[in-house]
Amino acid sequence: MDSSPRFQASGRAFAHIARFHPEITAFRRDLHAHPELGFEEIYTSGRVQESLRACGVDEIHPGIGKTGVVGVIRGRSTASGRMIGLRADMDALPMCEDNDFNWRSAKKGLMHGCGHDGHTAMLVGAARYLAETRDFDGTAVLIFQPGEEGFAGARAMIEDGLFDRFPVSAVYAMHNWPGLPAGTVGINRGAMMAAADRITIEIAGKGGHGAHAYLTVDPVLVSAHIITAVQSIVSRNVRPIDAAVISICAMQAGDLGAMSVVPGKAMLVGTVRTFSIRVQAQVEQRLVELCSAVAAGFGATAQVKFERIYPATINTAPEALFAGDVAQSLVGAHNVERNMEPSMGAEDFSFMLQKKAGAYMRIGQDARGGAFLHNSRYDFNDEILPLGAALHAGLIEQGMPLNAVDRPAKSVAASVAS
């Protein structure tokens, strides 16, 4: 198989990992062919454990957060007492794949459409390198997380004692990004992904005959006005310098076979995306006030249920600077975007960043065939596997350097300056 990278990267870790690039490519493609949904990653977690044993990691802890796996690798020295976590997500999506390569999904209706197969393979590649070299002073904690796609697997692992059992000082994760060229890395010192909230608006009116609508309180009409009115919240209540999105994405009312029946109820479902807790609370309050008022104006009622699903993914500044410097040591300053524009998408690594310092990065992989994430023709770019694995390894080696006992980790730039 030809998966040689067509970009430049440097460093001992990258060169070392490139030697077993075909093996981690085969591992990634095997995972792609066997996708599993959140908390059902039996095959995937089994393959991860098998690979970690073959790599020679010191400890393997399965079953954390149901199907999660944690691997532990101790450095040549552990005198510093430091511990750093690296996280990869393992689950796939409930969608059909339209690719025709040999490693396409063998399961109808399931697909690795977001590249979690690649994230898992990169962390396994880093595990092999770290176990073979152990050129660090401390303990590397490799977190293979289930259920990122809407199941809050990160929260499940935390509630199952992840950070009690493995008290890392910082935790890092990365996600492939088709919008960036292969061989590049994006990061910033603040919000990388938005909070994702679910809104459900239940409207109660009075049903009746469509020919005698004046005797009804039409919830479909009320819904139409609410759909329009809620769009004023972002434009007229949220400051222009704050970001927020309100999208009503589904509506259910009546029966398609009953053309002359005004239903008694209607339901709207959508999502709210914000970066700050203040704006999140403001949007929730205005949704409740506005929907209730609009419905009352028509003689109906509206109940708003606002569910906080994932918090915003917010990097801590020192760790983001450090991660950017590690990336720079691999691909050069011109290939690291340090002011990456945040995405209104969401990510449950946010739960880990609420508990620990850390950073979330994007690793470029090109939009192969024009397919972005969650596209039926998407596939992870195997060319970037050694780079992602080396980036993971660099966070460990540079974050817990040998011969630096009790010395706090400094960024590459700060070390050079001093």
Side-chain angles (χ1 to χ4, degrees), residues 1-18 21-22 24-25 28-29 32 86-89 99 101 103 112-123 125-126 172-194 313 315 320-345 347 349 359-395 398 411-413:
M1 66 185 64
D2 180 16
S3 54
S4 302
R6 286 183 279 273
F7 55 83
Q8 295 297 316
S10 60
R12 183 172 58 87
F14 180 82
H16 185 117
I17 294 167
H21 186 186
I24 52 176
T25 297
R28 199 284 299 180
R29 293 180 179 181
H32 189 94
L86 306 173
R87 173 270 206 173
D89 38 16
N99 291 310
F101 41 61
W103 57 92
H112 268 295
C114 204
H116 296 184
D117 49 343
H119 303 164
T120 301
M122 290 190 297
L123 191 52
Y172 298 90
M174 67 183 78
H175 200 295
N176 77 95
W177 201 247
L180 286 174
T184 61
V185 176
I187 196 168
N188 67 43
R189 301 189 197 185
M192 285 290 288
M193 305 284 278
T313 303
N315 291 340
L321 174 62
F322 168 67
D325 288 344
V326 173
Q328 180 176 319
S329 70
L330 287 167
V331 296
H334 60 292
N335 286 317
V336 179
E337 173 53 71
R338 291 178 180 266
N339 295 300
M340 186 77 188
E341 182 179 273
S343 167
M344 298 308 286
E347 160 67 69
F349 184 63
Y360 181 81
M361 297 165 279
R362 296 193 186 128
I363 180 168
Q365 81 138 34
D366 296 323
R368 310 181 79 199
F372 199 73
L373 305 174
H374 294 216
N375 185 295
S376 63
R377 297 196 66 84
Y378 167 88
D379 189 32
F380 187 88
N381 184 355
D382 292 318
E383 294 180 8
I384 70 170
L385 288 170
L387 176 58
L391 182 51
H392 276 309
L395 293 166
Q398 296 181 40
S411 69
V412 174

TODO: Might you work through the side-chain contact (heavy atoms from CB on, under 4.5 Å) test for S343 and M192, ending with a clear yes or no?
DONE: CA-CA 6 Å; S343 167; M192 285 290 288; over 6 Å; no
Task: salt bridge (Lys or Arg N to Asp or Glu O under 4.0 Å) evaluation trace for D379 with R28 - done: CA-CA 11 Å; D379 189 32; R28 199 284 299 180; 2.9 Å; yes
Task: Stepwise side-chain contact (heavy atoms from CB on, under 4.5 Å) check, M361 with V326 - done: CA-CA 11 Å; M361 297 165 279; V326 173; over 6 Å; no
- [ ] Show your working on side-chain contact (heavy atoms from CB on, under 4.5 Å) between L330 and V336 and close with a plain yes or no.
- [x] CA-CA 10 Å; L330 287 167; V336 179; over 6 Å; no
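Heavy-atom minimum distance, F349 versus A359: CE2-O, 3.7 Å. Of all heavy-atom pairs spanning V331 and A9, the tightest one is CG1-CB, 4.4 Å. Residues N188 and A320 come closest through the heavy atom pair O-CB, 3.3 Å. Here the shortest heavy-atom pairing between A194 and M344 reads CB-O, 3.6 Å. Contact detail for A182 and N381: the closest heavy-atom pair is CB-ND2, 4.1 Å. Annotation for Y378 and P178: closest pair CE1-CG, 4.2 Å, computed over non-hydrogen atoms.
For the pair L180 and M340, the minimum side-chain heavy-atom distance is below 4.5 Å. Between I17 and I24, some side-chain heavy-atom pair lies under the 4.5 Å cut-off. At a threshold of 4.5 Å between non-hydrogen side-chain atoms, the residues F7 and L387 count as touching. Proximity of M174 to L123: side-chain heavy atoms (C-beta onward) are nowhere separated by under 4.5 Å.
In this structure, CD on Q365 lies 9.5 Å from CG on L385, to the nearest 0.5 angstrom. In this structure, CZ in R29 is found 4.5 Å from CG in D382, a value given to the nearest 0.5 Å. A distance of 3.5 Å separates NE2 in H116 from CG in D89, rounded to the nearest 0.5 Å. Here the CZ-CG distance, from F14 to L391, works out to 11.5 Å after rounding to the nearest 0.5 Å. Summarising the geometry, atom CD1 belonging to I363 is positioned 4.5 Å from atom CD1 belonging to I384; distances are rounded to the nearest 0.5 Å. For the atom pair OG1 (T25) and NE2 (H32), the distance works out to 13.5 Å, reported to the nearest 0.5 Å.
Ion pair D325/R338 flagged as a salt bridge, since at least one NZ, NE, NH1 or NH2 atom sits closer than 4.0 Å to an Asp/Glu carboxylate oxygen. Of the charged side-chain nitrogens involved, at least one lies within less than 4.0 Å of a carboxylate oxygen, so that E347 and R87 count as a salt-bridged pair.
Between H119 and F380, the two ring planes are perpendicular [angle over 60°; tilted spans 30° to 60°]. H175 and Y360 have tilted rings, their planes meeting at an angle from 30° to 60° on a 0 to 90° scale.
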